[in-house]
Every structure is written in structure tokens, then in C-alpha cells.
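First the structure, in the form of C-alpha cells, and then the observations on it.
Nothing here was measured: the structure is a model prediction, and the numbers come from that model. Naming: A, B, ... by sequence-line order, numbering from 1 per chain.
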There are 2 protein chains.
Amino acid sequence: EEVSKLLELKARLGGDDGKHQFVLKTPKGTRDYNPKQMAVREKVFNTIVGCFKRHGAETIDTPVFELKETLTGKYGEDSKLIYDLKDQGGELLSLRYDLTVPFARFLAMNKITNIKRYHIAKVYRRDNPAMTRGRYREFYQCDFDIAGQYDPMIPDAECLRIVHEILSELDLGDFCIKVNDRRILDGMFAVCGVPDDKFRTICSTVDKLDKMCWEDVRTEMVKEKGLSEEAADQIGQYVSLQGGMDLAERLLQDSKMSQSKQACAGLSDMKQLFTYLQLFQVTDKVVFDLSLARGLDYYTGVIYEATLTQATPAPAAGALGSGEESASVGSVAGGGRYDGLVGMFDPKGRKVPCVGVSIGIERIFSLMEQKVEMEKVRTTGVQVLVASAQKNLLEERLKLVSELWSAGIKAEAMYKKNPKLLSQLQHCEECGIPLVAILGEQELKDGVVKLRTVASREEVDVSRADLIEEIRKRTAEV
Amino acid sequence: EEVSKLLELKARLGGDDGKHQFVLKTPKGTRDYNPKQMAVREKVFNTIVGCFKRHGAETIDTPVFELKETLTGKYGEDSKLIYDLKDQGGELLSLRYDLTVPFARFLAMNKITNIKRYHIAKVYRRDNPAMTRGRYREFYQCDFDIAGQYDPMIPDAECLRIVHEILSELDLGDFCIKVNDRRILDGMFAVCGVPDDKFRTICSTVDKLDKMCWEDVRTEMVKEKGLSEEAADQIGQYVSLQGGMDLAERLLQDSKMSQSKQACAGLSDMKQLFTYLQLFQVTDKVVFDLSLARGLDYYTGVIYEATLTQATPAPAAGALGSGEESASVGSVAGGGRYDGLVGMFDPKGRKVPCVGVSIGIERIFSLMEQKVEMEKVRTTGVQVLVASAQKNLLEERLKLVSELWSAGIKAEAMYKKNPKLLSQLQHCEECGIPLVAILGEQELKDGVVKLRTVASREEVDVSRADLIEEIRKRTAEV
């Protein structure tokens with residue numbers, strides 16, 4: 001019997017004309033945004049863009065695909081995650097993997113040597129999606145970068161101030177911004193006896209300290225990467241250090257660290273950075289942490305990463321397996337200085353120093369969707385519904401709603417000739433429309449409109465001449 | 001000598017390490033948006049989205065690519081213009097060709113039977129680009145649609161009101177919205193003796209009347225499509241007709257037209273539509289025009305198209321060849337009713353009636369970029385630059401700019417330890433920053449800031465306590 005039911009279902013879905021046999025879904029790792037999700041997304045974007053604009057940033061946009069060769073050699077092993085377009089004749093194209101490489105291409109192509117810009121757009125990675133944790137194959141990046149030759153650490157400090165402002169304003173709970181410097185890491189590796197050719201690979205092992213304990217990291221260094229136990233233990237002592245300006249000062253005096261010119265340059269800049277961070281009043285959340293490594297190859301100076309330190313609200317039941325919960329917290333912003341990338345695109349190799357930050361907007365969307373009561377999210381800002389209590393008043397309703405639109409009022413009327421008053425009022429409840437302008441024979445005779453406040457059910461007659469002003473006044477209060 | 005210079009250039013560009021041999025460009029038919037273009041784009045979007053929101057629309061978003069089969073069989077011959085992704089294992093994907101098919105897929109997949117939504121996003125067509133005329137391979141669409149079973153012509157009239165509001169507000173000059181109905185066209189073809197199987201092909205020939213004269217259209221019908229001369233001439237009489245509600249009434253009495261049930265249904269609805277358009281006060285720009293055909297197969301009822309009727313401002317010298325100018329005017333909005341599309345995605349074929357309008361945003365961008373003085377477009381909204389007149393005041397500048405950011409003021413300070421006052425003032429002139437807050441030893445001692453108005457060069461001392469209020473007041477006036 002089960003089988004026959006299934007066969008019936010299949011027959012129904014399949015049809016015999018073959019027209020309806022396709023699967024009704026979005027591609028793997030992607031999703032639609034419904035109106036409620038869009039409302040949350042818009043709110044988050046407004047906060048973030050508001051901050052970028054407060055700091056005087058301009059914005060640019062680039063195509064969703066680039067010449068394949070533009071992306072070649074920029075992402076190391078992750079290049080295998082790039083989406084290529086089919087060769088349909090003409091150029092070979094790939095979907096953008098991030099916004100940083102297109103930005104560098106844009107600067108080199110237009111010979112721009114200084115700009116402060118933000119760019120919010122989707123990027124594409126053929127990764128294993130983990131959509132319950134906000135990891136998608138199509139996802140937003142939200143980047144702010146300062147390009148140009150300036151005095152050290154001033155733009156770098158502004159990037160950190162921006163992270164501080166955005167995370168404070170989004171009100172996602174307490175957070176911590178870890179700071180380090182590629183030069184300090186490289187200097188540390190050198191003085192601990194890591195061979196030059198192992199810097200990058202040891203660096204990516206250190207990068208795992210946010211997910212693995214030191215013992216496991218040490219094992220990987222020694223067993224997998226062939227580092228001496230002595231070197232690993234020396235690294236272990238350094239990467240446990242956290243502090244502020246004091247730590248930078250102490251390490252400048254450190255007998256080993258001070259032997260590395262690179263480390264000293266990084267440490268003096270770190271001191272300078274903290275001076276500016278104090279002026280920017282953000283040192284309460286910033287920690288100089290020698291274990292922060294960050295994976296990307298192109299960083300050349302300061303690096304940073306912001307994480308939420310409070311437990312996140314419990315996700316929707318069943319959405320996450322055990323053990324995945326903690327991973328859903330993690331990094332919500334990160335970035336650093338990359339002084340070499342633009343030069344890779346310039347025919348003469350001219351460098352444009354850059355520092356930037358990327359806001360982990362998809363994680364923030366996930367957190368916001370857990371935090372707000374999605375049922376109550378309003379998806380429109382409609383201020384008033386033009387309704388009628390009696391039949392045959394469609395034309396009067398349309399005339400009034402048209403007047404309201406002309407006055408810039410957000411207004412609706414139902415698309416029915418004779419809707420019931422109750423269903424008009426229900427529509428307001430469902431959509432959170434605060435006011436109803438009710439027309440009836442009597443009101444038309446008297447030249448008034450019955451203005452009803454949905455929440456309190458109060459009704460007052462307002463003359464047509466005063467209606468617009470009254471609606472503005474009442475919805476400004478709301 | 002010329003040759004040797006070129007060879008030298010080539011060698012320089014090529015390099016011998018092979019690192020710099022790539023071409024620095026965006027893919028064919030695509031472009032970057034620079035900050036000035038983005039500022040214009042943002043202004044246009046704000047106007048349009050403001051209108052959509054005034055009408056109570058929600059917004060959704062869908063992935064940039066869809067399963068290939070979702071797009072199959074929706075675009076007829078134009079399917080060859082779809083960008084396919086390379087098969088890298090997994091699903092076969094294509095970039096979206098428009099926003100209407102993804103919208104229909106979204107409705108069917110989520111079983112949504114009524115929604116008023118807008119969607120602004122980029123779509124992709126492997127067409128021959130004509131970038132000087134605003135025709136790209138990657139371009140924005142800007143769609144507003146009303147889905148749901150409602151009383152006839154009410155949502156249709158709202159779509160026309162929206163076109164009227166947007167084109168009026170964007171202030172692009174006079175415009176005209178032509179309206180027709182697929183049922184009127186089909187009825188007309190029937191009573192003129194066009195064989196059933198030639199309706200679509202004759203319809204697409206009629207669609208060319210905006211670019212070709214009637215004689216040429218007639219020739220194509222008769223010579224290429226094999227229509228009888230008699231039928232062609234009868235069509236010719238109808239398609240020359242233009243009017244309003246009166247024309248609909250006249251045609252309902254027309255001895256031939258009245259023989260077609262379809263035509264009569266379309267004509268009664270057209271009368272109804274004009275009643276609503278009168279209430280919406282938009283009949284000044286709307287013309288019932290029997291020559292309007294529109295290419296897309298999926299329309300089932302009312303169709304419309306808005307064109308600018310004034311000559312557009314001359315484009316940048318040399319950008320357009322002669323004869324291309326008129327083509328740069330053309331349609332700036334279009335749409336219609338498509339009651340069958342969602343049903344194509346529903347396993348049971350359930351229909352969701354839809355009517356919508358697409359704003360020709362790329363043409364509008366082109367026109368706006370010609371209309372505004374691009375040199376004068378501000379790309380940031382910075383209200384005040386924190387400057388210093390003397391050396392060694394970087395820290396004081398950073399402290400003050402930080403205070404301003406905390407107060408929500410859009411502010412900048414230059415990233416130099418000791419910038420010259422002149423270069424700070426020049427920066428304001430270039431970026432249109434209206435105010436400068438100047439710090440000096442004396443000001444710091446007195447607890448004041450010298451607030452300078454860039455335009456008038458006036459300077460007044462303002463106490464630190466009053467500064468934020470004073471900046472707000474002055475920039476609110478601006």
C-alpha cells in the first residue's frame with residue numbers, strides 16, 4: 001500500500017507531459033531571502049553603511065565575475081573553490097571569490113593611489129555549505145578598506161574603531177578584538193628557530209589555536225610539519241601571551257624577540273597603534289594576542305579579528321547538532337594590512353598600501369534572526385490602510401489612497417471591490433499597519449474620514465483637509 | 001624607431017617573469033561603478049525604492065544563479081543568451097536572465113499566493129553589448145510585481161501609477177505610457193484574418209512599429225511571414241489608433257472587433273482600467289495604443305511601456321555615432337500581466353495571477369549621468385574635517401574626530417602626522433566638505449575650536465561643549 005501511494009505521488013508530480021518533472025529548489029548552498037529576512041538584512045546594512053559613511057567612505061561596485069586570470073594565483077589552495085563559467089566562446093570567466101582582489105584590480109586598472117571605500121556584495125565559493133551555521137556558497141561580504149600612503153597606524157586604528165562602533169551599535173553582546181602583526185609572527189618564528197620555508201605552514205597551524213588546544217597544535221607542528229620540539233615549545237610560550245601596550249613594550253625588551261628587526265618594527269607599530277586606540281576610546285575591547293595568525297597569505301602588517309564573547313542565544317530546535325553550537329559564535333569581523341596585493345596587478349609593480357576590515361555579515365544575519373522575534377518583524381512601513389465600511393466605495397478609496405501617495409504617505413487599499421471591514425482590519429493587524437482611514441457614506445457627506453488607531457481601536461473623525469497632517473503627526477510618534 | 005618603442009613597451013608590460021602578462025580589464029560587456037557613479041545610482045535607487053515602499057511593497061532576494069532547468073523553456077530563442085556555469089561536479093547552474101522567472105519559482109516553491117514585492121538586482125545576458133547606449137551583459141533590473149487573485153484592473157492600475165510617480169520624481173522630462181492588452185491584440189489578429197499559428201510571429205512584427213515605419217512592417221508581414229495583403233491592411237488600420245477610454249468604447253462597438261470575445265474582454269477591462277487611472281490622476285500620460293505589442297511570450301492581459309518623449313541631452317562627444325542617438329531614448333519602463341508563469345513551476349499547475357512593471361534602470365542611470373554634472377557629484381556626506389594649523393596636534397585631532405563620530409557626526413581627519421593647513425583645506429574643496437574644525441595651541445588652551453565655513457571662509461570660535469550642536473545646526477541648513 002505504501003508503495004502504491006508513493007507511485008501515485010510520483011505520477012502526480014511527474015505528469016505525463018514531462019512539463020513538471022524539474023526539482024523546485026535553489027542551487028546547493030544558496031537561499032532566497034524572504035521579506036522578513038530582507039527586513040532584518042536591511043536593518044543590519046543600514047547600521048553598517050551608516051558607520052562607513054560616518055567615516056567618510058565612498059562606495060564602488062565591480063562585476064560579479066572577473067576574467068579567470070584576474071583571480072589566478074591569489075587564493076593558494078582555495079582556488080579549487082572558485083566557480084568557473086562555462087566556455088561559451090569569448091573570455092574565460094570566474095565568479096568573484098572575495099571583494100579584495102576585485103578592489104585591488106580596480107585600483108590598479110584606474111591608477112587610484114588613495115581611496116577610502118566600502119563594498120557590500122555577494123561572493124561565491126564552492127565550499128561544503130553548513131547553512132544552519134550561516135555558511136553558504138553564495139554569501140555577502142561587507143568590506144571597508146583604506147588605500148594610500150599615510151603615516152603609520154592611523155588608518156589601521158580607524159579600521160579597529162569601525163569594528164568597535166559596528167559591533168557596539170548592532171548590540172550583539174560583548175565582544176573582543178584580537179590584534180597581532182604579521183611581522184611580529186614572522187619575527188617570533190625566526191627567533192624560535194622555525195626554518196624560513198616553514199613560516200607559512202607553521203603560521204596556519206598557529207591559526208588553529210582558536211579551535212584546538214595548544215597540545216594538539218604542538219603535535220601538529222612537530223609530527224605533521226616536522227618542527228623541532230624545542231622550537232614548538234618556544235612558540236608555545238609566546239602564543240600564550242595577551243596584553244596591551246605594556247605587552248608590546250615588554251616584548252621589545254625581550255632578549256630573544258628584540259633580536260628580530262621585523263618583530264621590533266611590528267612591536268613599535270603595535271605601541272603606536274595602542275596610542276591611537278586610546279584616543280579613539282576602544283582599548284576596552286582590544287587585546288594584543290600573539291596567537292592570532294589569520295590564514296590569508298597577503299597580509300603584511302597588522303592583523304585583527306573580532307569575536308563575540310557571550311554565548312549566543314540557542315538556535316532553532318534541531319537546527320544544530322551538538323558541538324556545532326560553539327562554532328556558530330566565532331569570528332564576526334577580521335582584517336589587516338596588505339601592502340603588496342595591488343602591486344600584483346600593476347604592470348610596473350607599483351605598490352599601493354592598503355588596510356581593511358571585513359564584517360562577517362552572514363554570521364551577524366544569523367545572530368539577528370535568532371535575536372529578534374521574526375514573527376513580529378514588519379516587512380513594510382505602511383502607515384495607513386484606506387478602508388471602507390460599506391459596499392460600492394472602491395472608487396472613493398482609490399481616490400483617497402492616491403491623494404495620500406501624492407503627499408508621500410505610505411498607504412494601501414485592498415484590491416477588492418467590496419472587502420469586508422473585518423478583513424481590512426485583520427490585514428492591518430497582520431502587517432502591523434498602525435492606522436486605518438475609514439470611508440463611509442456619512443463620512444463622505446460630512447467631508448471627513450474616520451481615522452482608527454489599530455492598537456487602541458480608538459476612532460475619531462478628521463476632516464479631509466487635516467487628514468494628511470494628522471497621519472504624519474501620529475506616525476511620527478509611533 | 002616607433003617599432004622599437006613599442007617593443008620596449010611590450011617587454012616592460014610583459015616582464016620576463018611572466019607575472020604581469022594578464023590584461024587588466026573587466027569582462028566584456030561589464031563595468032565597474034566608481035564612487036561618483038555609485039552616488040548617482042544610490043540617488044536613483046532611493047527615489048524608486050521610496051516609491052515602492054510608499055505603495056507597501058516588500059522585497060525579496062534570490063541567488064544570482066538558478067538550476068539550469070529552472071530557466072529552460074522560459075525565454076524562447078533568447079535562451080542562447082543565458083550564461084551557464086561550468087560543470088564542476090554537482091548541479092548544472094545558469095546565471096539568472098531576469099528577475100521574473102526567479103520570482104515565479106520563489107512563489108511556487110514557497111506556495112505564496114499573494115504578495116506585493118520589489119526586487120532590484122543584476123541579471124546576465126550574453127548579448128552584444130552597446131555600452132555607450134547603456135546596454136550591458138551584466139545589468140540591473142528593478143521589478144515591482146503584484147501577485148494574487150484580485151478584482152480586475154486594480155493592481156494593474158497601481159503599476160501604472162507607480163511608473164507615473166517614478167518618472168515624474170526622477171524628472172527626466174516628459175514621458176508617455178502606452179497601454180494595450182494581449183487579448184485585444186489576439187482578437188484583432190483573429191478578426192483581421194491572421195491564422196492562429198501566426199499570432200505570435202505577427203505580434204513580434206507589430207512590436208517593431210516603434211523602430212520601423214508601417215510600410216516596412218507591412219512588407220515584413222506579407223513577404224517574410226506570408227500574411228495576406230488584405231489581413232495586413234486591416235491590421236494597419238487598427239494599429240494606427242490611439243486614444244483613451246473613448247477608443248475602448250468605440251472599438252467595443254466596432255463591427256469587426258466586437259466579433260471577438262477575447263477582444264471584448266480586453267476592451268471592457270481597458271475601460272475599467274481607465275476609470276481607475278482617472279482616480280489615480282495619471283491619464284495625462286497614458287495612451288491606449290493598439291500598436292503596442294511587447295515581445296515576451298508570457299503576457300496574458302494588459303501590457304504597457306513608458307518612453308521619454310523629449311530629446312535627451314546630447315551624450316558625451318564621440319560616444320555615439322549618428323543614428324544611435326534616438327535609440328538612446330526609447331523605453332524606460334515596461335510590463336504587463338502574466339497569469340500563467342507561476343503555474344509552470346507548480347507541480348499541480350496552480351496558477352497565481354501576476355502583474356508587474358520593470359523600470360529600465362540602466363537607461364535611467366545613463367540619462368542621469370548625462371544630466372547631472374558628474375564633476376560636482378559628492379561621493380561622501382562628510383560634514384566636517386578636523387584640521388590643525390600647527391604641528392604635533394595629531395593626537396588632539398584624533399581625539400576630537402573620535403568625539404564627533406561618537407555623536408554621529410560624519411567626520412574625517414587626514415592620516416598624516418603634520419599635514420599642511422592648505423592641503424587640509426584643499427581636501428575640503430575637492431570633496432565638498434562644508435565645515436572645518438581647526439585646532440591650534442591657542443584653541444586648545446581656550447577650550448574652543450575654530451569652526452570654518454569652507455564656502456565663505458568665515459571662521460568663528462566655538463566652545464568644545466557647543467561644537468556638536470553647532471555642526472548639526474549648520475549642516476542641517478546646508
Side-chain angles (χ1 to χ4, degrees), chain A residues 13 20 22-24 26-28 30 32-35 38 53-54 56-67 69-70 83-86 88 90-91 93 106 108-109 122 126 138 150-151 154-155 165 276 279-281 345 347 379-382 395 398-399 402 405 408 410 412 415-417, chain B residues 13 20 22-24 26-28 30 32-35 38 53-54 56-67 69-70 83-86 88 90-91 93 106 108-109 122 126 138 150-151 154-155 165 276 279-281 345 347 379-382 395 398-399 402 405 408 410 412 415-417:
Chain A
L13 287 172
H20 297 133
F22 54 77
V23 193
L24 202 54
T26 63
K28 186 180 176 188
T30 68
D32 296 318
Y33 286 80
N34 67 35
M38 288 298 281
K53 290 191 170 179
R54 193 157 58 237
E58 309 176 297
T59 187
I60 68 161
D61 195 17
T62 64
V64 79
F65 42 63
E66 295 276 347
L67 298 184
E69 57 185 347
T70 298
Y83 276 98
D84 290 330
L85 269 72
K86 189 169 153 185
Q88 295 169 285
E91 301 159 334
L93 307 173
F106 173 82
M109 191 173 133
K122 287 177 182 171
R126 293 178 52 258
E138 173 186 62
Y150 300 116
D151 283 326
I154 315 178
E165 282 184 25
Y276 298 146
L279 297 166
F280 283 166
Q281 298 186 284
F345 287 102
T379 56
T380 77
V382 175
E395 302 202 348
L398 295 185
K399 220 170 105 182
S402 172
W405 289 331
K410 299 190 189 76
E412 274 189 314
Y415 302 126
K416 297 269 173 190
K417 282 199 165 162
Chain B
L13 287 172
H20 297 135
F22 54 77
V23 192
L24 203 53
T26 63
K28 184 179 176 189
T30 68
D32 295 319
Y33 285 80
N34 67 33
M38 287 298 281
K53 289 190 171 180
R54 194 156 58 236
E58 309 176 296
T59 186
I60 68 162
D61 195 16
T62 64
V64 81
F65 42 64
E66 295 276 347
L67 297 185
E69 56 183 348
T70 298
Y83 277 99
D84 291 329
L85 270 74
K86 190 169 153 186
Q88 295 170 288
E91 301 159 334
L93 306 173
F106 174 82
M109 191 173 134
K122 287 177 180 170
R126 292 178 51 255
E138 173 186 63
Y150 301 116
D151 283 327
I154 315 177
E165 283 184 25
Y276 298 147
L279 296 167
F280 284 165
Q281 298 186 284
F345 287 103
T379 58
T380 76
V382 175
E395 303 203 347
L398 295 186
K399 221 170 105 182
S402 172
W405 290 330
K410 299 192 189 76
E412 275 189 314
Y415 303 126
K416 297 267 174 193
K417 281 198 168 164

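- Interatomic distance, Lys86(A) NZ to Lys86(B) NZ, rounded to the nearest 0.5 Å: 12.0 Å.
- Counting non-hydrogen atoms of neighbouring residues, nucleotides and ligands closer than 6.0 angstrom, the NZ atom of Lys416(B) exceeds 12 such neighbours.
- Most heavy-atom pairs under 4.5 Å with chain A, from the set Val382(B), Thr380(B), Leu279(B): that is Leu279(B).
- Contact record, Glu91(B) with Lys28(A): OE1-N, 2.8 Å, taken as the closest heavy-atom pair.
- Of the listed residues (Ile60(A), Asp61(A), Asp151(A)), the greatest number of heavy-atom pairs within a distance under 4.5 Å of chain B belongs to Asp61(A).
- Counting non-hydrogen atoms of neighbouring residues, nucleotides and ligands closer than 6.0 angstrom, the NZ atom of Lys399(A) reaches no more than 12 such neighbours.
- Both the backbone and the side chain of Gln88(A) come within contact range of chain B, each with at least one heavy atom under 4.5 Å from a heavy atom of that chain.
- Taking chain B as the reference chain and counting heavy-atom pairs below 4.5 Å, the highest number among Lys53(A), Arg126(A), Glu412(A) is found for Arg126(A).
- Looking only at side-chain heavy atoms (C-beta outward), Pro35(B) and Thr59(A) stay at 4.5 Å or farther from each other.
- Within 6.0 Å of the CD atom in Gln281(B), the count of heavy atoms belonging to other residues, nucleotides or ligands does not exceed 12.
- Proximity to chain A (any heavy atom under 4.5 Å) is restricted, for Lys122(B), to the side chain, taken from C-beta onward.
- Most heavy-atom pairs under 4.5 Å with chain A, from the set Thr62(B), Ile154(B), Thr26(B): that is Ile154(B).
- The two atoms that bring Tyr150(A) and Tyr415(B) nearest to each other are CB-O, 3.4 Å, heavy atoms only.
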Item to complete: Take Val23(A) and Glu69(B), measure what side chain to side chain contact (heavy atoms under 4.5 Å, CB included) needs, and give me the verdict at the end.
Response: CA-CA 8 Å; Val23(A) 193; Glu69(B) 56 183 348; 4.0 Å; yes

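- The two residues Leu24(B) and Phe345(A) make their nearest non-hydrogen contact at CD2-O, 3.5 Å.
- Only the side chain of Leu93(A) comes within less than 4.5 Å of a heavy atom of chain B; its backbone N, CA, C and O stay farther away.
- Contact count against chain B (heavy-atom pairs under 4.5 Å) is highest for Gly408(A) among Gly90(A), Gly408(A), Gly381(A).
- Looking at Glu395(A), the atoms closer than 4.5 Å to chain B (heavy atoms on both sides) sit in the backbone and in the side chain alike.
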